[in-house]
Number of protein chains: 2
Amino acid sequence: MPEFTTLEHENLNSAVYGALCDALMQGRFQPGDRLKIRDLAEQFGTSVTPIRDAILRLVNDEAIVFRSPRDIRIPVMSESRYREIRSIRIKLEGLAAETAAQVATSAEIEILERIVRENEQAIAAGDRMKGTELNQAFHFMLPQIAGMPVLNGILRRLWLQMGPFISDAYLPGGRAMIDYHYPVIEALKRHDSAAASMAIVDDILLGGKPVLERILRGEKREARRA
Amino acid sequence: MPEFTTLEHENLNSAVYGALCDALMQGRFQPGDRLKIRDLAEQFGTSVTPIRDAILRLVNDEAIVFRSPRDIRIPVMSESRYREIRSIRIKLEGLAAETAAQVATSAEIEILERIVRENEQAIAAGDRMKGTELNQAFHFMLPQIAGMPVLNGILRRLWLQMGPFISDAYLPGGRAMIDYHYPVIEALKRHDSAAASMAIVDDILLGGKPVLERILRGEKREARRA
DNA sequence: ATGTCAAAAAAGATGCATCAAGTATCTTAT
DNA sequence: ATAAGATACTTGATGCATCTTTTTTGACAT
């Protein structure tokens with residue numbers, strides 16, 4: 001069970017939700033992990049009510065599932081589900097990149113470059129945690145630059161579902177998640193929508209290869225057990 | 001305040017959520033309507049807890065917003081937000097149509113034809129409620145045929161947000177929402193992905209014109225009031 | 001009529017007791 | 001030693017009391 005980041009929020013409910021989201025996005029939960037409302041309440045030092053609220057929201061996001069009526073768990077990701085999410089991301093992040101390419105300012109492009117630069121350092125230092133965090137930061141900058149808050153929310157939910165699978169998939173090919181970011185930045189600089197879209201699609205397909213492989217390994221393990 | 005459909009569910013929480021979703025999707029709430037947990041609890045004949053659970057989920061879906069800490073309301077839709085949602089729908093429903101065209105069975109196509117036929121009758125009978133319901137049923141069949149449950153969930157949330165705006169937008173051009181459904185069915189019959197995608201885009205853009213116009217009227221009214 | 005302000009009422013957030021259903025553990029007869 | 005049944009425990013759902021803050025209301029002055 002991971003440690004949680006304490007967030008200042010308007011209410012406990014949102015603070016817990018935010019902390020659980022962070023933990024999920026950072027891959028600090030393993031697929032199949034069980035969550036217990038009372039345990040979490042003790043960890044957060046609150047009553048069960050704000051925890052239930054947060055859990056229910058996460059269940060609504062499909063980032064957590066009720067395996068049975070009293071059994072709350074981090075779901076496992078099937079190959080077909082991952083492929084579906086990948087198809088959706090290709091369309092949506094493609095749209096974000098297209099739109100961002102049309103409107104990106106040089107200040108915004110500099111932010112992207114800074115993120116990639118920091119990511120280089122994180123990889124060099126072998127800091128996987130920081131690496132995945134900066135990878136996410138890069139991806140979420142595109143809908144933000146594009147001025148698409150609804151899209152941002154949809155992608156946030158998808159990343160929430162992928163969270164438990166991306167963190168430790170990047171061990172082998174450490175550079176995989178970053179090499180494909182440079183062509184995106186170049187396309188944004190040229191305000192080339194088509195190239196930006198294609199570049200982000202490359203990143204999702206090629207950079208995401210280790211993630212798919214990890215999921216396939218996970219499914220094999222499940223199959224062997226059964 | 002609308003009447004709610006009572007749904008049999010595993011628990012009260014989900015039953016209330018389902019009923020509120022139905023009400024939202026059917027346009028039985030007006031933008032700006034205020035919801036009160038205690039009032040709803042009385043209407044549903046439950047305590048406040050299951051209502052809070054459901055409201056929180058809807059807030060998470062952005063189908064309901066907290067205008068201020070104690071003021072829960074149906075949000076108004078800005079033009080830019082509607083356009084963003086429309087762009088997203090074009091990509092996602094396009095993907096659903098593409099995929100559906102590749103895998104649709106004749107039985108599934110028959111279901112689509114039946115929906116459109118019933119929709120014709122509803123329009124002829126001037127039954128707006130039934131019309132919007134069947135319009136939705138048509139759109140949600142595509143991700144279902146495509147076998148894309150994640151996509152289905154995303155679109156469901158988007159329709160939840162559009163719900164309060166679509167119902168009464170279809171008064172003037174009653175046929176607008178249905179005429180563009182035929183080319184979709186034809187494309188599915190030919191297993192023509194590209195045509196299916198283009199046909200659903202046409203439906204979203206052209207068939208959705210009255211909705212955009214309604215939103216623009218709503219914004220003008222707001223501006224006048226200020 | 002309109003704006004201001006204070007008292008009263010309302011409303012969501014939080015904590016907690018209790019319930020029902022499921023799970024684990026222990027007992028006991030074989 | 002084992003298996004069936006009984007008992008105790010676990011756990012999310014629900015209801016409800018209470019807290020704090022917001023919203024409403026109404027009196028009053030302009």
Side-chain angles (χ1 to χ4, degrees), chain A residues 1-2 4 6-21 23-24 29-30 32-75 225, chain B residues 1-2 4 6-21 23-24 29-76 224-226:
Chain A
M1 189 65 58
F4 296 109
T6 50
L7 303 176
E8 67 298 324
H9 257 86
E10 66 272 11
N11 58 26
L12 286 176
N13 165 354
S14 300
V16 174
Y17 178 76
L20 290 176
C21 282
L24 242 9
F29 284 110
Q30 289 302 307
D33 277 2
R34 185 169 177 193
L35 299 181
K36 294 179 186 177
I37 290 177
R38 284 170 172 83
D39 288 356
L40 288 171
E42 193 178 3
Q43 285 185 61
F44 281 99
T46 71
S47 75
V48 297
T49 308
I51 308 291
R52 266 194 84 237
D53 293 347
I55 296 268
L56 253 16
R57 286 171 66 180
L58 257 351
V59 169
N60 196 229
D61 292 335
E62 295 182 85
I64 290 182
V65 297
F66 276 64
R67 192 200 287 213
S68 70
R70 323 274 161 115
D71 194 1
I72 307 170
R73 286 179 191 269
I74 309 297
R225 190 181 308 167
Chain B
M1 190 64 58
F4 296 108
T6 50
L7 303 175
E8 65 299 324
H9 260 260
E10 68 272 13
N11 58 24
L12 287 176
N13 166 354
S14 300
V16 173
Y17 178 76
L20 289 176
C21 281
L24 242 9
F29 285 110
Q30 288 302 307
D33 277 2
R34 186 171 176 190
L35 300 181
K36 294 179 187 176
I37 291 177
R38 285 171 170 83
D39 287 357
L40 289 170
E42 194 178 3
Q43 285 185 60
F44 280 100
T46 71
S47 75
V48 297
T49 307
I51 310 290
R52 266 193 85 238
D53 294 347
I55 295 270
L56 253 18
R57 287 171 65 180
L58 257 350
V59 169
N60 198 230
D61 292 335
E62 293 181 88
I64 290 181
V65 296
F66 281 84
R67 195 206 291 229
S68 72
R70 321 269 160 128
D71 194 1
I72 307 170
R73 285 179 193 271
I74 309 297
V76 297
R224 238 194 324 274
R225 190 181 309 164

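Chain letters run A, B, ... following the sequence lines, proteins first, then strands; residues in each count from 1.
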Short side-chain to backbone donor-acceptor contact, B:R73 and B:G32, under 3.5 Å: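 Yes, the answer is positive, given that a donor and an acceptor are paired below the 3.5 Å cut-off.
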
N/O donor-acceptor pair under 3.5 Å between A:D33 side chain and A:Q30 backbone: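 Yes; at least one donor-acceptor contact below 3.5 Å.
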
Without decimals, in angstroms, what is the distance between [X] [atom1] and [N] [atom2]?
| X | N | atom1 | atom2 | answer |
| --- | --- | --- | --- | --- |
| A:N11 | D:dT21 | CG | P | 13 Å |
| A:E42 | D:dG12 | CD | C1' | 17 Å |
| B:N13 | D:dG12 | CG | P | 14 Å |
| B:I72 | D:dT23 | CD1 | C1' | 14 Å |
| A:R38 | D:dC9 | CZ | C1' | 11 Å |
| A:L35 | D:dG12 | CG | P | 9 Å |
| B:R34 | D:dT23 | CZ | C1' | 7 Å |

Atom pair [atom1] ([X]) and [atom2] ([Y]), whose distance is rounded to the nearest 0.5 Å:
| X | Y | atom1 | atom2 | answer |
| --- | --- | --- | --- | --- |
| A:D53 | A:L12 | CG | CG | 9.5 Å |
| A:I72 | A:I37 | CD1 | CD1 | 4.0 Å |
| B:I55 | B:L35 | CD1 | CG | 5.0 Å |
| A:R57 | A:C21 | CZ | SG | 7.5 Å |

Members of residues 50-58 of chain A that approach DNA chain C, where some heavy atom sits under 4.0 Å away: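 Residues of residues 50-58 of chain A under 4.0 Å from DNA chain C: A:P50.
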
Pairwise 5' ranking along DNA chain C for A:L12 and B:D39, keeping only the more 5' one: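 Of the two residues, B:D39 wins.
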
Those residues that, when tested against B:E42, pass salt bridge (charged side-chain N to carboxylate O under 4.0 Å, His left out) (two or more places apart):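 B:E42 satisfies salt bridge (charged side-chain N to carboxylate O under 4.0 Å, His left out) with no residue once adjacent residues are dropped.
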
Terminal contacting nucleotides, 5' and 3', DNA chain C versus chain A (heavy atom, 4.0 Å):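 Both ends considered, the range comes out as C:dA13 to C:dA21.
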
Beyond-backbone contact of A:N11 with B:F66, side-chain heavy atoms, under 4.5 angstrom: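 Answer no - side chains too far apart.
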
Under-3.5 Å donor-acceptor pair between B:R70 side chain and D:dT22 base: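 No.
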
Closest non-hydrogen atom pair between A:A41 and A:S47, with its separation: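 What the structure gives for the nearest pair is CB-O, 3.7 Å.
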
Among D:dG12, D:dT24, D:dT11, the one nearest A:F66 by side-chain distance: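 Closest nucleotide to the A:F66 side chain: D:dG12.
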
Sugar-phosphate only, base, or nothing, as touched by A:S68 at under 4.0 Å among non-hydrogen atoms: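 Touches nothing.
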
